[in-house]
Peer 1: 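Got a structure for you, questions after.
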Amino acid sequence: MNRRYRKTIIAGNWKMNKTATETKKFAEELKTMLPKAKWCDVVVCVPFVNIPAAIRAFKDMRVAIGAEDLFYEKSGAYTGEVSADMLKDLGVKYVIIGHSERRQYFGETDVTVNKKVLAALEVGLHPIICVGETLEQREMGITMELIALQTKAAFAGVPAEKARKCVIAYEPVWAIGTGKTATAEQANEVCNAIRATIRHLYGARVARSVTIQYGGSMNPANAAELLAQPDVDGGLIGGAALVPEKFTAIINAANQE
Ligand code: PEP
């Protein structure tokens, strides 16, 4: 973390979990646990259908609501899709783009990620752009090249003043939902390399101000060590974000002065 130059952001990714009723219950429980003063921003990214319930339930808690995806077209004949304008109109602030599960199961590519980033920024949403290598890619020794490529592709055509509004989540695919966490050193090494790519694209001032999270089995036991790394500015959290006690413990780990 480096709060002097950039925000620390703890974001939950609920994936395809919880109903609207369960969303309300989670918010009520979290309210009793959240620290009064927060030195980090807290975001909860929920399934599309739960967004109105989440906006209502987290109101007054200084918890921003995020979506888990969007479609890049403005409107039209795209059955089942949801546009950036629709999310913005509901009061959504953040949107996860390019999560590895979308890349793996739903055909997301670096090209569609870029289109979605541009669509989100156009309406003032903050994209949380996910990048990360598979175990095979790490073992082949191509992690850094791959992450640089994913990052450059995601930011194609994004001007510097909008690049500042983006969050990047480094999520090694082998660590997502597996209980295997990158070591704090591995996480910091890649987050540092992502910052170097942003520096290369936009210069030192933008690179210094961009929040880069780590995601992949972050939990109350490993959060403090990961978040203590200078280039790890928060977490994107799956499993542990579904349990108010665990999510609060991670927020507390990010809330150290
Ligand atoms: C994620 O889905 O972005 C994630 C990091 O999941 P988990 O924390 O469960 O590994």
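Order of appearance sets the numbers: ligands from 1, and atoms from 1 within every ligand.
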Peer 1: Check the orientation of Tyr78 and Phe71. Use parallel for under 30°, tilted for 30 to 60°, and perpendicular for over 60°.
Peer 2: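 Geometry flag for Phe71 against Tyr78: tilted rings.
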Peer 1: Do Ile176 and ligand 1 have an N or O pair less than 3.5 Å apart?
Peer 2: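 Such a contact does not occur with ligand 1.
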Peer 1: At the 4.0 Å heavy-atom cut-off, does Ala175 count as touching ligand 1?
Peer 2: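 Distance cut 4.0 Å: Ala175 passes for ligand 1.
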Peer 1: With atoms numbered from 1 as shown, which atoms in ligand 1 lie under 4.0 angstrom from a non-hydrogen atom of Gly239?
Peer 2: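 Result: 7 (P), 8 (O), 9 (O).
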Peer 1: With a 4.0 Å cut-off on heavy atoms, is Ala240 touching ligand 1?
Peer 2: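 So Ala240 does not count as touching ligand 1.
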Peer 1: Could you check which of Gly132, Gly177, Gly215 puts a non-hydrogen atom nearest to atom 10 (O) of ligand 1?
Peer 2: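 When every heavy atom of Gly132, Gly177, Gly215 is considered, Gly177 comes closest to atom 10 (O) of ligand 1.
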Peer 1: Compute whether any side-chain donor of one residue and acceptor of the other, for Thr8 and Asp233, lie under 3.5 angstrom apart.
Peer 2: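 Their side chains do not contain a donor-acceptor pair, so the 3.5 Å distance test is not met.
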Peer 1: If we only count N/O pairs under 3.5 Å, is Gly216 in contact with ligand 1?
Peer 2: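 No, Gly216 has no N/O under 3.5 Å of an N/O on ligand 1.
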Peer 1: Tell me the nearest of His99, Glu171, Lys15, Glu101 to atom 5 (C) of ligand 1, using heavy-atom distances.
Peer 2: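 The residue whose heavy atom sits nearest atom 5 (C) of ligand 1 is Glu171.
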Peer 1: With a 4.5 Å heavy-atom cut-off, do Asn2 and Asp231 have their side chains touching?
Peer 2: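 In short, these two side chains do not touch, never coming nearer than 4.5 Å.
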Peer 1: Verify the cluster assignment for Ile96 and Ile176: are they in a single hydrophobic cluster under the rule of side-chain heavy atoms below 4.5 Å apart?
Peer 2: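 No; Ile176 is not reachable from Ile96 via cluster members.
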Peer 1: Report the part of Asn13 in contact with ligand 1, treating N, CA, C, O as backbone and CB onward as side chain, heavy atoms under 4.0 Å; options are side chain, backbone, both, neither.
Peer 2: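 For Asn13, only side-chain atoms sit under 4.0 Å from ligand 1.
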Peer 1: Would Glu133 and Trp174 satisfy side chain to side chain donor-acceptor pair (under 3.5 Å), going step by step from the backbone distance to the final call?
Peer 2: CA-CA 8 Å; Glu133 81 287 4; Trp174 47 270; 3.0 Å; yes
Peer 1: Answer yes or no: does an N/O atom from Ile237 fall short of 3.5 Å to an N/O atom of ligand 1?
Peer 2: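 Such a contact does not occur with ligand 1.
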Peer 1: Ligand 1 and Ser217, any nitrogen or oxygen pair closer than 3.5 angstrom?
Peer 2: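 Yes, Ser217 has an N/O under 3.5 Å of an N/O on ligand 1.
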